[in-house]
Trainee: 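Have a look at this one before I ask anything.
Note that the coordinates shown come from a computational prediction; the quantities given were computed from them, not determined experimentally.
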Amino acid sequence: MSRQHPALPHQGSAAGLPCERSSTSFWHSQPSPLLLAHRSTRNLPQTADVVVIGSGITGASVAHHLLAGTNGSRNNDHGLNVVMLEAREACWGATGRNGGHCQPLLFESPNDPSIGHFELANFHALQKLIMDENIDCEFVAQPGVRAIYSRHHLEEAEMALNIMRTTAPDLHKMMRLITSRKSLARYRIPSAKGALITDTAARMWPYKFVAHILSSLLTATDLKGTFNLQTLTPATSLSASPESSGSVVHTPRGTIHTQKVVLATNAYTSHLLPTFADLIVPCRGQMSALLPLPSVRDDNRLQTSLGFLGDGLDDYLVQRPNERGGHLMFGGGRQHSPSIGVTDDSVVDWQTATYLRKRLVDALSLPETGGKFTATHEWSGIMGFSRDERPWVGPVPASALLYDQRPGLYVSAGYTGHGMPNTWLCGKAVALMVQKTIEFPNDPEWAVEMAAAEVGLPTSCRLTDERMARALQAESVEKKDRTEMDRREAKDRDVGTVMSDRPPSGYA
């Protein structure tokens, strides 16, 4: 089945707003009554200390660490007044539409172990918070498996592990590469060429986690400030305040004057910051919730978080608890429909849906040969692909601001389908940067450095002029994706099967 190539977006074209109507995600099947259409005040506040735009896991982390974390604001006796704006319902974007994975990919950056250490710290931070607050979000720690189906990717995995013996021996000890038929069959992937195994991974219900964090902020009586959530209120533009050194956030319901703005907007970041149009590019993914066939039901259920790595694979899989339905949450198949540059998540592509219902019978070598799964839900979601494949975290340099925008704008976005092992601590990093620049206004650069160091934010994730310049010299997201998909179709013509060298995005 050949991939449809949409016309590539015009270089530099900014993303639009999230579409008003979206496909129905399984993760939204039990929405929070408190959060639906929530507006903490009837009218939009006219002022705020900080405006957070976006209510997914990044935005929730920013607000939590500004107001409820151990590092809550100490800039004055009253704390910070924080307003969160969401274009649709709370957590209705990528976090509410992803694959339900939290799997640190410790092997993907063997020459920069700070990335693996950061993802590992993010995993443990989430795990601890969920346990401490007893959050019912189906978080279960389990082995993470990256099944490898091509010789090329197997050799890359072997090389990465060898490099990490020197660069990150502690991370190296947490992984093992298996290639024997017996071992692969034990992990339900007998047709794979090999697999990387780690014990540090988890499955979870992302929306329920975020709903708990936001609900706690809305109902708490001991916040270090105030929290005001305004859903169904898209931020349409930013401009300099004519009355102060701050910014004005424009919405269809009015404006908010503020000193600090945090863009937790991932794929939609360039709508408010057009200079990021070539740095964070929208990419549509598709998911499904599948009822288990007998061979993966009850005692035969999957025991791991699975990612499929190889020629033509862009897929990811976890299974929900037996007592709650045991759905197989399976996503991917991006090769079957337009994706890069697409921001419409109201569409469920039928070719991708068919692929997702059938693919696991072969991928897991199930006995139901020729069969397919029944989907209870099928939906799409929009990821933000970073041009250099790393998140963008920090204050926006003056060179990247529009002529009518002011300093005080921060970003945490561009997770390239790998958000769950990054977003919580990226949000914390931005929250600390905001706090420390308020507390130490005469030395903002030092404040940002201290915040990044405190969280352990990798240098490769820092938003700087230098990094932006380097990234813009690299191949664009659109061209990179198009080249890889063309290569895949060439292999399809040669061998009669759909193939590609593209590693999976993970949509996690």
Trainee: Residues two or more places apart in sequence or in another chain: which of them pass ring-ring contact (aromatic ring centres under 6.0 Å, His included) with Phe276?
Mentor: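 If we apply the ring-ring contact (aromatic ring centres under 6.0 Å, His included) test to Phe276, skipping adjacent residues, the hits are Trp392.
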
Trainee: Is Asp345 salt-bridged to Arg97, going by a charged N under 4.0 Å from an acidic O?
Mentor: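 Result for this pair is yes, salt bridge flagged.
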
Trainee: When you check the gap from the basic side-chain N to the acidic O, do Glu138 and Lys208 get nearer than 4.0 Å?
Mentor: no

Trainee: Quick check against the 3.5 Å criterion: does Arg181 have a side-chain atom that pairs as donor or acceptor with the backbone of Pro190?
Mentor: yes

Trainee: Is the distance between the ring centroids of Trp424 and His65 under 6.0 Å?
Mentor: yes

Trainee: Answer yes or no: is there a donor N or O on one side and an acceptor on the other, between the side chain of Tyr410 and the main chain of Ala264, under 3.5 Å?
Mentor: no

Trainee: Donor-acceptor pair, Ser288 side chain versus Phe330 backbone, under 3.5 Å?
Mentor: yes

Trainee: If only side-chain N and O atoms count, and only distance matters, is there a donor-acceptor pair under 3.5 Å linking Ser339 with Arg334?
Mentor: yes

Trainee: Any carboxylate oxygen within less than 4.0 angstrom of a Lys/Arg side-chain nitrogen, looking at Arg467 and Asp388?
Mentor: yes

Trainee: Test of understanding: with salt bridge (Lys or Arg N to Asp or Glu O under 4.0 Å), list the residues that count as partners of Glu156, not counting sequence neighbours.
Mentor: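 Partners of Glu156 under the salt bridge (Lys or Arg N to Asp or Glu O under 4.0 Å) test: none.
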
Trainee: Would you call the rings of Trp92 and His28 parallel, tilted or perpendicular, taking 30° and 60° as the class edges?
Mentor: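 Aromatic pair Trp92/His28 classed parallel.
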
Trainee: Would you kindly say whether Ser55 and Arg88 are connected by a side-chain donor-acceptor distance under 3.5 Å?
Mentor: no

Trainee: Are the side chain of Ser270 and the backbone N or O of Ala277 linked by a donor-acceptor pair below 3.5 Å?
Mentor: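 No.
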
Trainee: Keeping the roles fixed (side chain from Asn122, backbone from Leu425), state whether a donor-acceptor pair exists under 3.5 Å.
Mentor: yes

Trainee: Go through the side-chain N and O atoms of His117 and Ser114 and say whether any donor and acceptor fall under 3.5 Å apart.
Mentor: no

Trainee: With a 3.5 Å cut-off and no angle check, do the side chains of Glu368 and Ser295 form a donor-acceptor pair?
Mentor: yes

Trainee: Looking only at the side chains, is there a donor atom on one of His418 and Gln103 sitting less than 3.5 Å from an acceptor on the other?
Mentor: no

Trainee: Check whether any side-chain N or O of Gln286 sits under 3.5 Å from a backbone N or O of Asp349 as a donor-acceptor pair, and report yes or no.
Mentor: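 At least one qualifying donor-acceptor pair exists.
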
Trainee: Indicate whether the side chain of Gln142 and that of Thr304 have a donor and an acceptor atom separated by less than 3.5 Å.
Mentor: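 No donor-acceptor contact under 3.5 Å links the two side chains.
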
Trainee: Considering residues, nucleotides and ligands other than Met159, do more than 12 of their heavy atoms fall under 6.0 Å from its CE?
Mentor: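 12 or below, so no.
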
Trainee: Under 4.0 Å between a Lys/Arg side-chain N and an Asp/Glu carboxylate O for Glu378 and Arg357?
Mentor: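 So Glu378 pairs with Arg357 through a salt bridge.
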
Trainee: Looking at Glu158, is its backbone amide N or carbonyl O close enough to the side chain of Asn162 to form a donor-acceptor pair, meaning the two atoms are under 3.5 Å apart?
Mentor: yes

Trainee: Quick one, Val296 and Leu328 - any side-chain contact, counting heavy atoms below 4.5 Å?
Mentor: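 Sidechains of Leu328 and Val296: in contact.
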
Trainee: Quick one: do the Tyr415 and Thr58 side chains pair a donor with an acceptor below 3.5 Å?
Mentor: yes

Trainee: Return the orientation label for the His336 and Tyr355 ring planes: parallel under 30°, perpendicular over 60°, tilted otherwise.
Mentor: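 His336 and Tyr355: tilted rings.
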
Trainee: Only counting residues at least two apart or in another chain, list the ones meeting salt bridge (Lys or Arg N to Asp or Glu O under 4.0 Å) with Arg188.
Mentor: none

Trainee: Is a side-chain N or O of Thr423 found less than 3.5 angstrom from the main chain of Ile57, in a donor-acceptor match?
Mentor: no

Trainee: Among Arg203, His101, Arg146, which residue satisfies the side chain to side chain donor-acceptor pair (under 3.5 Å) criterion with Ser305?
Mentor: His101

Trainee: I'd like to check Phe373 versus Leu291 (side-chain heavy atoms, cut-off strictly below 4.5 Å). Are they in contact?
Mentor: no

Trainee: Do any N or O atoms from the side chain of Arg387 and from the backbone of Ala471 form a donor-acceptor pair under 3.5 angstrom?
Mentor: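 Confirmed, Arg387 side chain pairs with Ala471 backbone.
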
Trainee: Flag the pair Leu356 / Leu290 as yes when at least one side-chain heavy-atom distance between them is below 4.5 Å, and no otherwise.
Mentor: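 No, too far: nothing below the 4.5 Å cut-off.
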
Trainee: Contact between Met204 and Ile130 at the side-chain level, heavy atoms closer than 4.5 Å - yes or no?
Mentor: yes

Trainee: For the backbone of His327 and the side chain of Gln319, can you confirm whether one donor and one acceptor N or O come within less than 3.5 Å of each other?
Mentor: no

